[in-house]
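Keep in mind that the numbers below use all heavy atoms, side chains included, and drop hydrogens, waters and symmetry copies. Counting starts at 1 for both ligands and their atoms, following the listed order. Sequence positions, counted from 1, serve as the residue numbers for this chain.
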Amino acid sequence: MKLIKTKNYEEMSQKAANVVSSVVTLKPDCVLGLATGDTPVGMYRILAERNKKGDLDFKNIKTVNLDEYVGLSAEHPQSYQYFMNQNLYSKVNLSSNNTHIPDGLAKDPEQECKRYEELIYSLGGIELLVLGIGNNGHIAFNEPDDSFPKETHVVKLTEDTRRVNGRFFDSLDEVPYYAISMGMKSIMSARAIMLLASGEVKKKILYESIYGPITPMVPASVLQLHPNLLVITDQ
Ligand code: PGA
């Protein structure tokens, strides 16, 4: 594991954007695994600026996102498809055929999980996967549990996660109960992983995840086993 400590959120975002930029430059047709949430917003902003200036080309890049709420359409402002449209897709020259997110409206979510897992495989696997971390140690929607779920799967959100994510919804009742999420096998199969964590609120769980025991009760702790893990955090 390599750990980079930065002064603040902006510097963390700059460093994260540098890593993504170098992968995009060296492998201009690779697959990036992408995350939603507050954490990567600054990184997306910087990537969009570089693309606009002509310094970074996403023309042949493919992206696969970690997760999506079950029941929310791409037009719903809290769907992850909407988030990605707003923060990245509409701002860079990614081709719409090349961006992938689980379909939250799929009639058969279990089947959608299979399709998504096969899609990642058929694209050739993820070159660099960007991750945030939840306050409870979740990565994507892999919540603390007795075992590590393996592949893309339907997950019941914990009340803690629903409450934390509820800050974006008008009321807690509107927060979906289920999501489709990449599993640990899908995540750990990425050739490189970059975990981002910002702020005091993430300090304890980040420490436990990277230095504590490896346990499904702290899902991010499994990342310690990844041969190519980069953690970028701020002071
Ligand atoms: P955040 O979410 O980036 O909004 O803190 C991270 C997560 O819950 O995985």
Number the atoms of ligand 1 from 1 as they appear, then name those within less than 4.0 Å of a heavy atom of [X], with their elements.
X      : value
Arg167 : 4 (O)
Thr39  : 1 (P), 3 (O), 5 (O)
Gly37  : 3 (O), 4 (O)

Decide whether Ile193 and Leu3 are clustered together by the hydrophobic rule: side chain heavy atoms of Ile, Leu, Val, Met, Phe, Trp, Tyr closer than 4.5 Å, transitively.
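Yes, Ile193 connects to Leu3 through the hydrophobic network.
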Ion pair check, [X] and [Y], cut-off under 4.0 Å:
X      : Y      : answer
Arg45  : Glu49  : yes
Glu11  : Lys15  : yes
Glu159 : Arg163 : no

Nearest heavy-atom neighbours spanning Ile214 and Ser221:
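Here Ile214 and Ser221 meet closest at CA-OG, 3.4 Å.
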Within-cut-off N or O pair, Thr36 and ligand 1, under 3.5 Å:
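The answer is no, given that Thr36 and ligand 1 share no N or O pair closer than 3.5 Å.
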How far is [atom] from its nearest protein heavy atom, and which residue and atom is that?
atom                   : result
atom 6 (C) of ligand 1 : Ile133 O, 3.5 Å
atom 5 (O) of ligand 1 : Lys202 NZ, 2.6 Å
atom 9 (O) of ligand 1 : His138 NE2, 3.3 Å
atom 4 (O) of ligand 1 : Asp38 N, 2.9 Å

Is there side-chain contact between Asn87 and Thr36, with heavy atoms separated by less than 4.5 Å?
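The answer is no, as the side chains (C-beta and beyond) never meet within the 4.5 Å cut-off.
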